[in-house]
Amino acid sequence: MKFTKQDLLTMLIGLFLFSSCKDNNTIGLPPDGSTITGDLYDNTTLTSRTMTEEPIGAAGLIRYPIGIMHDPIFGESTAGTAMVVNMPTVVDYRFGKNVEVDSAVLVLPYAGNFYGDSTQNFTFTVRQLNENLALRSEYLSSTNWGDKTIPGTDGDLGQRVNIKQYPNSSFKVVNIVTGKPDTSALVAPQLRIKLDPLKIQNRIAKMDTLKYSRNDLFVNTFNGVYVNVTSASGPGAMSFFNLAPVTDVNNGAKLQIYYKKDGLAQNTQDTVSVIFPIDNIRNPVVAYVKHDYTGTTTVKEQLADLSPKQYDRTYVQGLTGLKNKITFDFSAFKTLTAGSKVAVNKAELVIDVDPADDAYFKPAQRLRLVRLSAAGLLTNVPDNDRSTPATSSSPAYYGDARALATAAEFGGYFDSVNRRYVFSITAYIQDLLDGKTKDYGTFISPTAFSEFSVSPFASTADRSVLYGPVKDAPAGTKRMKLNIFYTKLKTAN
């Protein structure tokens with residue numbers, strides 16, 4: 001097994017967590033290494049419910065999903081991406097006379113976060129869209145762009161059948177240079193799908209030259225393509241692709257066409273290559289995600305159950321799949337403290353993970369934790385509400401003065417040694433106890449290892465099976481729990 005930089009960073013975070021907190025009933029030490037004083041209470045009444053995520057805006061993503069997964073616990077997940085194909089950046093581009101397209105290839109650079117089994121075979125399919133994405137005003141992750149392609153076989157532009165994916169392997173490509181020797185370049189890991197040269201010739205190379213006078217005219221004629229995986233030989237996988245603009249065309253997303261045209265000399269032909277760029281800044285690129293829990297038992301049961309029953313396992317899933325809603329009941333804690341005001345020295349939400357790993361679908365490397373505001377909006381808890389300086393595109397943001405300095409201190413990373421997640425939410429729990437904040441709901445779900453998002457987005461496919469809360473549990477019980485280290489201040493009047 002090869003280790004990526006992300007694998008090594010995960011291991012280091014796991015070792016750090018292990019060294020700082022070896023006992024499941026301890027809460028660790030502050031960054032300066034000093035001992036936390038006060039009494040420990042770890043029997044807060046919690047509830048955790050598995051819920052589906054709502055559809056979200058699926059344009060302008062950091063990375064875009066394409067794949068299919070057959071998960072024995074979470075059912076089937078599919079994702080595809082629709083993308084506008086732009087005309088070449090060359091001013092007033094013309095194919096010339098007697099054009100004959102030799103080949104065409106759709107190039108999609110990998111963006112990391114591959115999740116699943118890369119050793120099996122996949123079939124990628126490319127279809128031409130029958131509407132202009134740029135004219136849309138809404139891009140929800142639940143919109144099936146496969147239904148918005150040219151019907152029948154006319155919409156099929158090409159397939160790559162029974163291929164293995166190499167999301168971490170660079171390789172060399174040959175670039176055609178007219179009138180000069182061809183050159184080679186080492187390119188970042190990328191998926192290359194050959195398209196039907198005759199359809200590309202008829203629909204692009206022979207397009208009315210007036211359509212090449214402006215990019216919007218070209219886009220409104222060809223529209224773009226929708227790419228998805230139609231089959232996988234085993235449990236499947238989800239790949240993610242970088243469809244943002246890049247400075248090096250060799251490493252960017254594009255439709256590249258290789259063709260022959262009349263040369264400058266009589267009775268000669270030149271072989272030419274031209275790039276039609278794809279990027280999510282110039283024109284929309286939009287993801288579609290679907291989860292089917294029909295074949296599952298436990299997940300389907302929990303989603304259908306409207307009773308207050310607490311299950312011993314709950315589920316979270318990326319790609320806008322499943323989240324957990326957590327609620328806190330402090331009535332027993334307030335009875336214990338007899339109405340005294342308390343200072344919360346440290347509070348950590350500890351979430352143990354089911355030990356039964358799937359061979360390919362490992363626990364999510366990172367979870368996000370956010371709260372619902374009185375206005376019904378997802379927002380950061382104060383411990384993760386850091387200030388950010390002004391930039392050229394956004395003003396300064398002034399967060400909570402109590403926010404932890406780094407994402408690592410806030411937590412949510414998978415501790416592979418103790419098989420759990422730990423969030424430091426001291427300020428949040430203090431506010432809930434003091435009545436400064438009302439518990440409208442706290443939510444956890446997967447987020448990408450490399451970035452945290454308040455709103456869910458379709459940029460990671462990881463999932464986890466979590467232990468549920470257990471009240472009055474014996475020592476050592478695997479569960480979801482809240483550890484509160486506190487000090488009584490005074491008796492309330």
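- Taking the ring centroids of F414 and Y421, they lie under the 6.0 Å cut-off.
- Closest non-hydrogen pair, A461 versus F240, comes out as N-CZ, 3.6 Å.
- Between the side chains of T337 and S340, not a single donor N or O lies within less than 3.5 Å of an accepting N or O.
- Side-chain N or O atoms of S141 include none that pairs as donor or acceptor with a backbone N or O of V289 at under 3.5 Å.
- Within the 3.5 Å criterion, the main-chain N or O of R192 finds a donor-acceptor partner in the side chain of R160.
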For the pair D329 and K471, evaluate salt bridge (Lys or Arg N to Asp or Glu O under 4.0 Å) and give the outcome as yes or no after the intermediate values. CA-CA 11 Å; D329 181 353; K471 182 70 171 175; over 6 Å; no
Could you give me the CA-CA distance, side-chain angles and deciding distance for T314 and R49, then say whether side-chain hydrogen bond (donor to acceptor under 3.5 Å, both in side chains) is met? CA-CA 7 Å; T314 57; R49 293 196 62 84; over 6 Å; no
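- The pair R479-D42 meets the salt-bridge criterion, since a charged nitrogen lies less than 4.0 angstrom from a carboxylate oxygen.
- Aromatic rings from F74 and Y315 are positioned such that their centres are separated by under 6.0 Å.
- D385 and Y397 form a side-chain donor-acceptor contact under 3.5 Å, judged by distance and modelled atom types alone.
- Listed for the Q120 side chain is a donor-acceptor partner under 3.5 Å among the backbone atoms of G234.
- Ring planes of F452 and F410: perpendicular class, angle over 60° (limits at 30 and 60°).
- Using a 4.0 Å cut-off between charged nitrogen and carboxylate oxygen, D312 and K478 do not count as a salt-bridge pair.
- Judged purely by distance below 3.5 Å, without hydrogens or angles, the side chains of T298 and Y311 never pair a donor atom with an acceptor atom.
- Checking T426 against K346 by side-chain atom types alone, no donor-acceptor pair falls below 3.5 Å.
- In this structure the side chain of M83 reaches within 4.5 angstrom of the side chain of L108, judged on heavy atoms.
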Take S239 and Y110 through the test side-chain contact (heavy atoms from CB on, under 4.5 Å) and record every step on the way to the result. CA-CA 7 Å; S239 304; Y110 285 102; 4.0 Å; yes
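- Listed for the R127 side chain is no donor-acceptor partner under 3.5 Å among the backbone atoms of Y226.
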Y486 and Q430: side-chain hydrogen bond (donor to acceptor under 3.5 Å, both in side chains), yes or no, with the steps? CA-CA 10 Å; Y486 68 98; Q430 184 76 70; over 6 Å; no
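- R463 approaches D358 most closely through the heavy-atom pair NH2-CB, 3.8 Å.
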Working for side-chain contact (heavy atoms from CB on, under 4.5 Å), residues V229 and I66: CA-CA 7 Å; V229 171; I66 301 175; 4.0 Å; yes
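- Side-chain contact of S48 with N324: a donor-acceptor pair under 3.5 Å is present, judged by distance alone.
- Between the NE2 atom in H291 and the CD atom in E76 there is a gap of 11.0 Å [rounded to 0.5 Å].
- Side chain to side chain, T123 and S231 meet the donor-acceptor criterion of an N or O pair below 3.5 Å.
- In this structure, Y115 and F361 have tilted ring planes: the angle between them lies in the 30° to 60° band.
- A side-chain donor from one of T50 and Q302 sits under 3.5 Å from a side-chain acceptor of the other.
- The nearest pair of heavy atoms linking N280 to L61 is ND2-O, 3.4 Å.
- Checking side-chain atoms of N86 against main-chain N and O of P277 turns up a donor-acceptor pair under 3.5 Å.
- Look at K436 and D434 and you find no salt bridge, because none of the NZ, NE, NH1 or NH2 atoms lies under 4.0 Å from a carboxylate O.
- Here the OG atom belonging to S450 is positioned 5.5 Å from the CG atom belonging to N113, to the nearest 0.5 angstrom.
- Taking the centre and axis of the six-membered ring of F443, the NZ or CZ atom of K325 falls outside the cone set by 45° and 6.0 Å.
- The only member of T335, D439, I484 that meets side chain to side chain contact (heavy atoms under 4.5 Å, CB included) when paired with F330 is I484.
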Give the C-alpha distance, both sets of side-chain angles, the deciding distance and a yes or no for side-chain contact (heavy atoms from CB on, under 4.5 Å) between T47 and I326. CA-CA 6 Å; T47 59; I326 301 170; over 6 Å; no
Walk me through whether E409 and R386 qualify under salt bridge (Lys or Arg N to Asp or Glu O under 4.0 Å). CA-CA 12 Å; E409 290 180 67; R386 285 178 289 278; over 6 Å; no
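- Side-chain atoms of K290 and N144 include no donor-acceptor pair closer than 3.5 Å.
- Minimum heavy-atom separation, L46 to L482: CD1-N, 3.8 Å.
- By the 30° and 60° cut-offs, the orientation of the rings of F328 relative to Y428 is perpendicular.
- Using a 4.0 Å cut-off between charged nitrogen and carboxylate oxygen, D354 and R313 count as a salt-bridge pair.
- Residue T379 comes nearest to S373 through the heavy atom pair CG2-CB, 4.2 Å, listed as atom of the first residue, atom of the second, then distance.
- Between F241 and Y64, a ring centre-to-centre spacing not shorter than 6.0 Å is recorded.
- In this structure, CG in L336 is found 7.0 Å from CZ in F333, a value given to the nearest 0.5 Å.
- The two residues I429 and A347 make their nearest non-hydrogen contact at CG1-CB, 3.8 Å.
- A donor-acceptor pair under 3.5 Å is absent between the side-chain atoms of D279 and the main chain of A244, judged by distance alone.
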May I have the step-by-step check of side-chain contact (heavy atoms from CB on, under 4.5 Å) for W145 and V286, ending in yes or no? CA-CA 9 Å; W145 297 101; V286 191; 3.4 Å; yes
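- Salt bridge D357/R419: present, at least one basic N to carboxylate O contact under 4.0 Å.
- Salt-bridge formation is not detected for the pair E348/R420: no Lys NZ or Arg NE/NH1/NH2 atom is positioned less than 4.0 Å from an Asp or Glu carboxylate oxygen.
- Using modelled atom types, one finds no donor on one side chain facing an acceptor on the other under 3.5 Å when comparing S453 with T447.
- Ring-centre distance between Y41 and F485: not below the 6.0 Å cut-off.
- Side-chain polar atoms of Q165 and S118 form no donor-acceptor pair below 3.5 angstrom.
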When you look at R368 and E53, which way does the salt bridge (Lys or Arg N to Asp or Glu O under 4.0 Å) test go after all the steps? CA-CA 13 Å; R368 68 183 179 93; E53 293 276 18; 3.5 Å; yes
